[in-house]
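These numbers come from the heavy atoms of this one structure, side chains and all, not from hydrogens, waters or symmetry mates.
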Amino acid sequence: MATSNVRQQALTAIATTTHTLNRLDFRKEHLKELFGANVFHEEEQKARLPKHVFKTLQKTIRLGVPLDPSVADSIASAMKDWAIEHGATHFTHLFQPMTGLTAEKHDSFLSPSGNGNAVSEFSGKELVKGEPDASSFPSGGIRATFEARGYTGWDPTSPAYIRESPNGATLVIPTVFVSWTGEALDKKTPLLRSMEALSIQAMRILKLFGNTEAKKVFTTVGAEQEYFLIDKNFVYARPDLLTAGRTVFGAKPPKGQELEDQYFGTIPERVIACMSDAEAEMFKLGVPVKTRHNEVAPSQYEIAPIFEDSNLATDHNQLTMDILRRTAEKYDLVCLLHEKPFAGINGSGKHNNWSMSTDAGENLINPGETPHDNAQFLVFCVAVIRAVAKYPELLRVTVASAGNDHRLGANEAPPAIMSIFLGDQLQDVMEQLEAGALKSTKQGGFMEVGVSVLPKLPRDAGDRNRTSPFAFTGNKFEFRAVGSSFSIAGPNTVLNTIVSESIDFIATELEAATKAGKTLNKAIQDLLPGILKESKKVIFNGDGYSEEWHSEAEKRGLPNLKNTVDSIPVIIRKDSVELFAKYKVFTERELQARYTIFCESYVKTINIEANLMTMIAKTMVFPAALRYQLEVASAVNATKAAGVDNAAQLGHLKDLTATITTFQSACTALETAHHHEAHGDPYAHAKQMRDSVLPKMVELRTVVDKLETMIADDIWPLATYREMLFLK
């Protein structure tokens, strides 16, 4: 007799629920009025601050000039008045601990006045510095429980904003987070340090080219965000999705993404309602989202912003992830940001589109129409190529996690081998440069479509490569290996630092050559070909998935760190410590802390997933298997008693019983491996998880997924891929 289970209850709930979708009316509220409405942006600052205070603050924001403490009270007072007008009752210092998420502690504006009343106060001291507890965040040994003091410090380059909630609102102040000893406990502090390091080095190159207008160089980022939206009833019916964000079991559905009918298809009504709602919230907070569309996998989507300063882009991406999660709940959906929620289909990445720009708005990675004549572009571009060629392992470790290990190397995610795609045009220019004779630039021309009524369509001079981890895409480099759940602060901190070192090297050589009497052009012509010759090993325009490329990469000496555990040691390698110390991005102790955190995060993730697998296997899969085995055995006995030939049914029972036995053995093997205590440092524990526990998890998954295809549908307890991916 069939029994009801959580999966069937989820299906019933989905089939009978009507969702409220019409929550917004953009005819009544124009986008231009909505954008930045809840941000204490430059226009608000100018209107509310005394003139000299406003100018002082803008110098800090635009040029990095230290903020004059004497203006803090004035800024705090204006910020408080603005926030209260927007319904705020509290303020919070928002920071980014090394969990990769954000953290906040709310304080009320009200203070007792001593006569039974209260006044609203917010001082410059409260604006500039906060003191949350630092002991319970990952610190890698920098802070212990008995050393709890940590400080948040206002980051004026990222504007404060209002977060609305059902009952009131909160003034949110972006901050850094450091220990009592002054060491970085967050993602933002090293990012800001790396941006400053790059600006110093890039300004040396601009000075050589006679640029007197630029005062500062920024790295700019546009982070494309991929994600899945799944009905919440399915998530509640799947302990693995609820707890780990991915399915640890799940048989391949009859249809996945083979027909490519999801990609850029019509967005389902419920999904587009959720998207529009999330975008409206992002617009209020000044997040410059531009693009939305269906991604390749069923129920997978993408949102992409316009470029902005790397620090602000990082803050905005954290906001984007948070808003997507919160908004999805309003539509009875769950936003999954795991890199591989479902096996066998595309995972989710976060394409980190990176470039460099001056404070005057000049993009230093824009080649122009004739890049072979653009010496400044060539210098900066070669610097990036050299950086990736010299530090591929550092780039690799910035995208390392247990989740991203499932994604890299398949389904449009790049492989773990770090390489650069330049495209036909730039590849040709670099080959000419290496040969010492720059003469021409390939042009794209126009495409002949064969339809007379269509205008001529201009063709880009280079194609795109979806298998490249680091691709030049016209006026930026796209770092495609970043995982969807990641903070982009880590990858950009490392990218900024390695490019700073490369620019430093080139600037030093060019300064020495010009001081010795060479013209700048002659110095460039003498220097860049040699750098390209040493660095071209990292340039590859072909199929990153092919076995031929993996063999070729090995011949070129490119590292292939296939998983997180392989890549972790590079963090504390001598050359890494020296690099980050030289540019004052990380101290050795801060790097050691991050090494420990990487190890611990990997171990904790695998530990949670292994616990989930054994729990689901023992409490959901095994009982279902026994129920079905009983049904089949009863049917076999009944047919035998009736004198009917039941050889086929008996064969099925034997196959089922053998599979259940294999399942039980696999479950026991996983428990044994998981409960084995690892000895040594955190890295030894991470290796033990990778080498002993993960293989047993794969074995158990294989047999459970086989059972899913054997057990009666009305008995199987877990929501299936065919349901979760296609029922919206």
Side-chain angles (χ1 to χ4, degrees), residues 97-100 135-145 179 183-187 190 244 339-340 391-409 415-418 481-483 485-487 489-491 493-494 497-498 558-581 585-611 670 672-698:
M98 287 184 281
T99 57
S135 65
S136 296
F137 292 107
S139 71
I142 289 179
R143 296 273 82 188
T145 302
S179 72
E183 290 156 309
L185 294 175
D186 66 342
K187 299 275 190 178
E339 285 71 34
K340 200 75 169 180
Y391 300 104
E393 293 154 306
L394 277 177
L395 269 187
R396 170 66 180 91
V397 78
T398 69
V399 297
S401 75
N404 216 18
D405 281 353
H406 295 290
R407 167 181 167 262
L408 292 179
I417 303 168
M418 294 293 114
V482 184
S485 68
F486 281 47
S487 163
T493 296
V494 170
T497 306
I498 64 176
L558 297 179
N560 185 6
L561 305 176
K562 296 181 179 180
N563 55 68
T564 292
V565 178
D566 285 345
S567 65
I568 289 175
V570 71
I571 298 173
I572 55 172
R573 207 168 60 189
K574 182 181 179 183
D575 58 332
S576 300
V577 173
E578 291 173 349
L579 170 72
F580 289 111
V585 176
F586 289 115
T587 65
E588 183 173 2
R589 191 163 183 241
E590 288 171 338
L591 284 175
Q592 181 67 50
R594 280 148 182 82
Y595 165 84
T596 301
I597 289 168
F598 263 72
C599 294
E600 291 175 345
S601 177
Y602 184 86
V603 169
K604 290 173 182 176
T605 299
I606 303 302
N607 182 60
I608 289 169
E609 292 182 351
N611 279 328
L670 173 57
T672 301
H674 188 206
H675 292 154
H676 173 75
E677 186 175 347
H679 299 283
D681 64 12
Y683 185 68
H685 200 177
K687 287 179 68 177
Q688 188 260 341
M689 283 289 188
R690 179 197 63 185
D691 297 338
S692 300
V693 178
L694 263 182
K696 299 304 178 185
M697 291 171 65
V698 172

Item to check | CE-CD1 distance between Met98 and Ile597, expressed to the nearest 0.5 angstrom | outcome: 3.5 Å

Next on the checklist: Please check: side-chain N/O of Glu339 versus main-chain N/O of Ser485, any donor-acceptor pairing under 3.5 Å?
Outcome noted: yes

Checklist outcome for this item: Nearest heavy-atom contact between Glu609 and Ala244 is CG-CB, 4.2 Å

Checklist entry - Between Ala481 and Arg407, what is the shortest heavy-atom contact and its length? => result O-NH1, 3.2 Å

Item to check | Asp681 versus Ala684, closest heavy-atom pair with distance | outcome: OD1-N, 2.8 Å

Checklist entry - Is a side-chain N or O of Glu588 found less than 3.5 angstrom from the main chain of Val577, in a donor-acceptor match? => result no

Checklist outcome for this item: Taken to the nearest 0.5 Å, the spacing of Ile568 CD1 from Tyr602 OH works out to 8.0 Å

Next on the checklist: For Ala673 versus Gln688, what's the shortest heavy-atom pair and its separation?
Outcome noted: O-NE2, 3.3 Å

Item to check | Main-chain N/O of Ser601 paired to Thr605 side chain as donor or acceptor, under 3.5 Å | outcome: yes

Checklist outcome for this item: Taken to the nearest 0.5 Å, the spacing of Leu395 CG from Thr398 OG1 works out to 5.5 Å

Checklist entry - Is there a side-chain contact between Ile572 and Tyr683, using heavy atoms and a 4.5 Å cut-off? => result no

Item to check | Tyr391 vs Leu579, side chain to side chain contact (heavy atoms under 4.5 Å, CB included): CA-CA, chis, key distance, verdict | outcome: CA-CA 10 Å; Tyr391 300 104; Leu579 170 72; 3.7 Å; yes

Checklist entry - Looking only at atom types and distance, does a side-chain atom of Arg594 sit under 3.5 Å from a main-chain N or O of Ile571, one as donor and one as acceptor? => result no

Checklist entry - ring-ring contact (aromatic ring centres under 6.0 Å, His included) with Phe598: which residues, sequence neighbours excluded? => result none

Next on the checklist: Could you measure the distance from the NZ atom of Lys562 to the CZ atom of Arg690? Nearest 0.5 Å is fine.
Outcome noted: 11.5 Å

Next on the checklist: How close do Thr596 and Pro682 get, counting heavy atoms only, and between which atoms?
Outcome noted: CG2-CG, 4.1 Å

Item to check | CZ on Arg573 to CG on Leu591, rounded to 0.5 Å | outcome: 12.0 Å

Next on the checklist: Tell me the closest heavy-atom pair linking Thr493 and Lys187, and the distance in Å.
Outcome noted: OG1-O, 4.4 Å

Next on the checklist: Just so I know, are the side chains of Met697 and Leu670 near enough to count as touching, which here means a heavy-atom distance under 4.5 Å?
Outcome noted: yes

Next on the checklist: Determine whether Glu393 and Val397 satisfy the following criterion, side chain to side chain contact (heavy atoms under 4.5 Å, CB included), listing intermediate values before the conclusion.
Outcome noted: CA-CA 6 Å; Glu393 293 154 306; Val397 78; over 6 Å; no

Checklist entry - Is there a donor-acceptor pair closer than 3.5 Å between any side-chain N or O of Asn611 and the backbone N or O of Asn607? => result yes

Checklist entry - Do any N or O atoms from the side chain of Asp405 and from the backbone of Thr564 form a donor-acceptor pair under 3.5 angstrom? => result yes

Item to check | Whether Tyr595 side chain and Val570 backbone form a donor-acceptor pair below 3.5 Å | outcome: no

Checklist entry - What is the distance from atom CG of Leu408 to atom CD1 of Ile417, rounded to the nearest 0.5 Å? => result 11.5 Å

Checklist entry - Going through the checks in order, is the side chain to side chain contact (heavy atoms under 4.5 Å, CB included) test met by Leu694 and Met689? => result CA-CA 6 Å; Leu694 263 182; Met689 283 289 188; over 6 Å; no

